[in-house]
Colleague: 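After the structure tokens below, expect a handful of questions from me.
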Amino acid sequence: LKAVSLACLLPTLLGYYKSEYGVSYAYGSAVAAVSFLALRSLPRSTVLPHPTTVAAFHALSVVFYGVRLCAFLLYREAFVPRFRRMRERIEDRAKARGGRFARTPFILSCAGLYGCMAAPVLVTSALMGDVPMLSPGKDWADSAAVVAVVVAWCGFLLGALGDVTKSYSKALNGEDHLVTGGVFSVFRHPNYTGEVIGWFANSAAAFFAVLAAGGTNLAVWRKYAIQVAAGFTGALGISFVLGAATANLEDRQREQYGDSRAYKDWVKKSWAGLKFGKGKGTGRGAEEEAEMPDFDEEEEEGSGI
């Protein structure tokens with residue numbers, strides 16, 4: 001528990017240096033670090049030279065998500081001037097609200113959220129460390145856990161594909177180019193949608209792992225109830241953030257591209273994904289009023305909370 005707590009807290013302390021880092025690099029680093037600890041707890045033969053068990057595949061999915069996100073953030077910071085401007089606007093607003101230590105409640109809440117999101121990996125590492133990924137057995141709950149892990153990988157890969165597609169297209173056609181091809185022809189915001197899919201599937205894997213191990217045995221459920229509940233709480237928490245961000249970006253794109261035929265056709269044929277609320281409005285005034293990072297602008301350049 002101490003190691004997991006430190007793995008979540010230490011990266012999030014980056015938020016004292018740059019407010020935006022607490023919800024970008026810290027996010028990816030924390031979930032990857034917890035999942036790496038889970039991998040370390042598994043028998044070496046189930047991880048190397050290639051993963052063989054449900055637990056190993058599950059932990060690697062979250063390690064992949066976190067490492068991939070941090071690598072993409074580094075690229076974005078190094079090569080996308082628009083992102084650097086956004087980061088400094090966020091930092092200026094954070095400083096205007098008080099000193100660096102005034103960020104402590106937000107930093108601690110982020111660390112808690114990251115811990116909840118990574119908790120399911122700890123469950124599968126404890127219960128499915130010897131369950132083969134390709135032949136899980138006759139128990140339907142084991143098979144359901146396998147499906148959940150596969151869906152988690154699909155969600156995280158969808159998010160990665162969305163980031164790469166949008167970044168390449170905007171680098172080629174300009175920052176204000178509306179990306180509607182490839183995966184965007186189906187999902188309007190695949191990096192957000194992929195994350196939502198990935199984190200709920202991540203939580204479902206833990207639920208089915210407990211079901212497979214304990215069935216109706218209350219002792220098993222009591223032992224892992226906190227981790228399972230934490231996983232779904234984390235998935236709901238990040239989904240609320242991403243759903244609000246989706247609504248914000250929908251507003252901004254409607255304002256910027258709403259009169260074009262290409263935009264109207266795209267909206268008819270594609271899915272926006274999960275949305276909460278009607279967005280925070282459009283225009284520069286609404287952007288400057290945001291208390292949280294500019295999620296809509298974050299998505300325009302790629303992932304991050």
Colleague: Is Ser35 reaching over with its side chain to a backbone N or O of Ala32, donor-acceptor style, under 3.5 angstrom?
Modeller: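 Not a single qualifying donor-acceptor pair exists.
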
Colleague: If the plane angle is over 60° it's perpendicular, under 30° parallel, otherwise tilted; pick one for Phe232 and Phe207.
Modeller: perpendicular

Colleague: Strictly distance-based, threshold 3.5 Å: is any side-chain N or O of Ser109 a donor or acceptor partner for the main-chain N or O of Phe106?
Modeller: yes

Colleague: With distance as the sole test, does Ser125 use its side chain to make a donor-acceptor pair with the main-chain N or O of Leu122 at under 3.5 Å?
Modeller: yes

Colleague: For residues Phe101 and Tyr16, establish whether the separation of their ring centroids is below 6.0 Å.
Modeller: yes

Colleague: Does the ring centre of Trp153 sit less than 6.0 Å away from the ring centre of Phe64?
Modeller: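 Aromatic pair counts; centres sit under 6.0 Å.
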
Colleague: Can you tell me if Tyr65 and Glu195 form a side-chain donor-acceptor pair at under 3.5 Å?
Modeller: yes

Colleague: Do you know which two heavy atoms are closest between Val31 and Gly66, and how far apart they sit?
Modeller: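 Nearest pair, atom of Val31 first, then Gly66: CG2-CA, 4.2 Å.
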
Colleague: Got a salt bridge between Asp265 and Lys269, using NZ or NE/NH1/NH2 to carboxylate O under 4.0 Å?
Modeller: no

Colleague: State whether Glu91 and Arg103 are salt-bridged, where the test is any N-O pair (Lys NZ or Arg NE/NH1/NH2 against Asp/Glu carboxylate O) under 4.0 Å.
Modeller: yes

Colleague: Hey, is the main chain of Ala78 close enough, under 3.5 Å, to the side chain of Arg84 for a donor-acceptor pair?
Modeller: yes

Colleague: Main chain of Glu175, side chain of Arg82: is a donor-acceptor contact present, judged purely on distance under 3.5 Å?
Modeller: yes

Colleague: Please determine whether a side-chain nitrogen of the Lys or Arg among Arg254 and Asp251 lies less than 4.0 Å from a carboxylate oxygen of the Asp or Glu.
Modeller: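 Yes, charged N to carboxylate O under 4.0 Å.
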
Colleague: Any donor and acceptor pair, going by atom type alone, linking the side chain of Ser167 with main-chain N or O of Val164 inside 3.5 Å?
Modeller: no

Colleague: Would a distance-only check, ignoring hydrogens and angles, find a side-chain to backbone donor-acceptor pair under 3.5 Å from Thr165 to Gly162?
Modeller: no

Colleague: Donor-acceptor check, side chain of Trp199 to backbone of Gly237, threshold 3.5 angstrom: yes or no?
Modeller: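 The answer is no, because no donor-acceptor pair under 3.5 Å joins these two groups.
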
